[in-house]
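Letters A, B, ... mirror the listed sequences (proteins, then strands); counts begin at 1.
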Number of protein chains: 2
Amino acid sequence: MAATLHDVARIAGVSIKTVSNVINDYPHVKPDTRARVQTAIEELGYQPNLSARSLRSGLTGAITLALPELSLSYFAELADAVIRAAERAGKVVLIEQTNGDRTRELEVLTSPRLKMTDGLIFSPLGMGMDDVDRLEVPYPLVLLGERIFDGPADHVTMRNVEAARAATEFLLERGRKRIVVIGAHEDEVIGSAGLRLRGYREALDAAGLDFDPALIGYTTLWHRSNGATSMRALLATGVEFDAVFGLNDTLALGAMRAIQEAGLRVPDDVAVIGFDDLDEAQYSLPSLSTVNPGRDEIAETAVATLLQRIGDRDGAIGDARQILARYEIVERESTPPL
Amino acid sequence: MAATLHDVARIAGVSIKTVSNVINDYPHVKPDTRARVQTAIEELGYQPNLSARSLRSGLTGAITLALPELSLSYFAELADAVIRAAERAGKVVLIEQTNGDRTRELEVLTSPRLKMTDGLIFSPLGMGMDDVDRLEVPYPLVLLGERIFDGPADHVTMRNVEAARAATEFLLERGRKRIVVIGAHEDEVIGSAGLRLRGYREALDAAGLDFDPALIGYTTLWHRSNGATSMRALLATGVEFDAVFGLNDTLALGAMRAIQEAGLRVPDDVAVIGFDDLDEAQYSLPSLSTVNPGRDEIAETAVATLLQRIGDRDGAIGDARQILARYEIVERESTPPL
DNA sequence: TCGAACCCGTACAACGTTGTAGAGTGACGG
DNA sequence: CCGTCACTCTACAACGTTGTACGGGTTCGA
């Protein structure tokens, strides 16, 4: 059986509270008492019982990260970044997968399992603005993503509209005029698809170009195969274009494959840009230009914000905050200069 | 503040133990008492305090999964599968990243943070056979991977040698005779690289072909760029070959890119096969044939085995077991039939 | 020399839960 | 009519930790 404070105390010949004081670096302990206790601790290989500590303190030292699924590279890389940020703060991360399913997401928000941790970083995909009040929860919560805005919780996200506009302008500056979009969602206003499409339209407007609905490829899911399928469908319509903006990298990579299959060359005939800056974007053929939406910054900020809320037991921080990460265009082979 | 058993008991007019009995479905509770308690529970929105329950029971209902990093697709997909399997059993998963660093791995094995969970599923990359006794730990442990065999813990893994042999034979059957290997490790005997290379050699032997060291590409890391670099180096030697066996999918995808850059065609000039059956293998151009090493089965078995050990407090199960998953060749465009 | 101030350590209670022991009630058989 | 048994519920202790309150000792200045 694992050693407890009592065991250590008995061996060191002190009270359990003194042992506790040594462990928690309480200053008023005589050096030789401290040494005696330390020796006993090492001798027994004592490690504190975290359940007992949690019960006493009300804190666990863990946080939950709820996201759609780790098989999606974007979320895997996000989880990686969150775990690293948490570790730097001495916290540990528990992961829940929702599959982007609204019901499951709502479940997670009220799951008793959350009580195993001190707070939640939540990246919903199925919930929408109608569910905004479900975010009114009795524990610290930081929201990610672009499904819900102006909710009752701190929200850390990316500059979707500006970044998408910048990506589009990046193509326009390189002489491309007919830019296909892959991954649009019908009638969506917010959500990654809606916002990024808005950025695209803003860039066209600013350049005095007309928006051509024939250039928009719709697909609900954002897997690579969806990018390829959507692109093939557009190619089949015979519409003319000289560039593609994939609303995320996997779509762009799928689209790039379809373009090449059709005998067109990237980037000579068609320039391609993605969004997310996944690791694999640098290894495609040709390597994929993309938008780095500040994922590491988002993870870092989300963890820091959550820990602040956890530490702030009397609500000194105040209302929900909106925090936006910096984005950056990453130029690679798929978008050559003029 | 959150409600406790005391609050519920007061409202329902019973003792806290009766409430506890209702919650734990203890049979001898009068129906109307039960109903009264249920009502009180719902009225207060009572949820049990898991820290207290853990303290009392010694179990947390969580397990730790320690792996190199989630940014590597293989491990992201493994984590996904482990989380799903755990969830089916009502358990939750906490993830630790080691970066495949030996020191960090040894740290994780003795980290106090492990006490937050009931057991560990451990996939080391830096540790080796010399560290085998470090696996003698005072908590339930299931080992994954091929760094350590015949250790003191249950071990769930894939049939590396057989599967690699099957992949090689698959190429041989399709008329390929000079098969490059990408991803070998100098002088490695076990480890994924060592075992898969052994399978490759066994297939050659069985076919009466000589092993040609000129066909082996060495690279320590298994990222896509390493596959590309290693392949370029081999191309530069001018050695002749008609197929490539990437010791994992990312290497194979990187190698495929380098082959295509060099003006060779896949699969006409060079057939390519990988190992792991990552999601992305089906979306490359051409799509990549590969070995499905039974990842889902490994995850499922690892969780089941760990939970057995956790439930087995008096050591009834006995010695460490070795469990091997079934593999399967996945045929795609990169390896056309004869 | 004495009180104040500080240092070091202890005892006890409490966090919220569940196991154990046992008390009270009613039914039933002898 | 009494003992037994099954049922329902309660009181209490315990899991291992830390906060609070306090007691005895030393040191220092007046």
Side-chain angles (χ1 to χ4, degrees), chain A residues 1-41 44-62 112-118 138-139 313, chain B residues 1-41 44-62 112-118 138-139 313:
Chain A
M1 229 27 317
T4 73
L5 283 184
H6 285 92
D7 303 322
V8 178
R10 194 160 17 83
I11 297 215
V14 295
S15 78
I16 56 167
K17 189 64 224 277
T18 300
V19 181
S20 170
N21 286 339
V22 169
I23 289 165
N24 296 292
D25 281 325
Y26 177 76
H28 301 309
V29 179
K30 247 195 292 186
D32 74 320
T33 311
R34 185 180 295 276
R36 213 144 29 93
V37 171
Q38 286 291 9
T39 312
I41 287 177
L44 291 174
Y46 168 78
Q47 290 191 327
N49 178 314
L50 298 183
S51 294
R53 191 176 271 179
S54 297
L55 174 59
R56 190 56 239 234
S57 69
L59 292 177
T60 65
R113 281 141 56 140
L114 280 179
K115 314 252 320 219
M116 237 183 267
T117 61
D118 301 330
Y139 51 81
R313 318 199 73 158
Chain B
M1 227 31 311
T4 73
L5 284 184
H6 285 91
D7 303 322
V8 178
R10 193 159 18 81
I11 297 216
V14 296
S15 78
I16 56 167
K17 189 63 223 278
T18 300
V19 182
S20 171
N21 285 340
V22 169
I23 290 167
N24 296 292
D25 281 324
Y26 178 75
H28 301 310
V29 179
K30 249 196 293 187
D32 76 319
T33 311
R34 186 181 295 275
R36 214 145 26 93
V37 170
Q38 287 290 8
T39 311
I41 287 177
L44 291 173
Y46 169 79
Q47 290 190 326
N49 179 314
L50 299 182
S51 294
R53 192 175 270 180
S54 297
L55 174 58
R56 191 57 238 236
S57 70
L59 292 177
T60 65
R113 283 141 53 141
L114 280 179
K115 313 253 318 217
M116 236 181 266
T117 61
D118 301 329
Y139 51 81
R313 317 197 74 158

How many whole angstroms separate atom [atom1] of [X] from atom [atom2] of [N]?
X	N	atom1	atom2	answer
B:His28	C:dG26	NE2	C1'	15 Å
A:Asp32	C:dC7	CG	P	17 Å
B:Leu50	C:dC15	CG	C1'	14 Å
B:Asp25	C:dT17	CG	P	16 Å
A:His6	D:dA14	NE2	C1'	11 Å
A:Leu59	D:dG16	CG	C1'	17 Å
A:Leu44	D:dG16	CG	C1'	15 Å
B:Gln47	C:dG16	CD	P	14 Å

| Does A:Ser20 reach the main-chain N or O of A:Ile16 with its side chain, forming a donor-acceptor pair under 3.5 Å? | no
| note | The complete set of salt bridge (charged side-chain N to carboxylate O under 4.0 Å, His left out) pairs with one or both residues in residues 50-59 of chain A, sequence neighbours excluded, reads none
Quick one: closest heavy-atom pair of [X] and [Y], and the distance?
X	Y	value
A:Lys115	B:Ala2	NZ-CB, 4.1 Å
B:Arg113	A:Leu50	CA-CD1, 4.3 Å
B:Met116	A:Ala62	SD-CB, 4.0 Å

Quick one: which of [options] gets closest to the side chain of [X]?
X	options	value
B:Lys30	C:dC8, D:dC9, D:dT17	D:dC9
B:Thr18	C:dC7, C:dC15, D:dT10	D:dT10
A:Ser15	D:dT17, C:dG16, C:dA11	C:dA11

| field | Bend angle of the helix from C:dT1-D:dA30 to C:dG30-D:dC1, end axes from five pairs each (to 10°) | value | 60°
| request: Produce a footprint string for nucleotides 18-25 of chain D: one letter per nucleotide, 5' end first; B if the base is under 4.0 Å from any protein heavy atom, S if only the sugar-phosphate is, - if neither. | output: BBB-----
| Starting at the 5' end of DNA chain D, which residue's closest nucleotide do you reach first, B:Pro31 or A:Thr4? | B:Pro31
| query | Mapping B:Val19 and B:Leu55 onto DNA chain D by nearest heavy atom, which one lands closer to the 5' end? | reply | B:Val19
Give the table of side-chain donor-acceptor pairs shorter than 3.5 Å for residues 25-32 of chain B, with sequence neighbours excluded, one pair per line with atom names and distance.
none

| task | Evaluate the side-chain proximity of A:Tyr46 to A:Ile23: yes if any heavy-atom separation is below 4.5 Å, no if none is. | result | yes
| field | Listed partners of B:Ser51 passing side-chain contact (heavy atoms from CB on, under 4.5 Å), at least two apart | value | A:Ser54, A:Leu55, A:Thr60, B:Asn49
| salt bridge (Lys or Arg N to Asp or Glu O under 4.0 Å) partners of A:Asp7, counting only residues at least two apart | A:Arg10
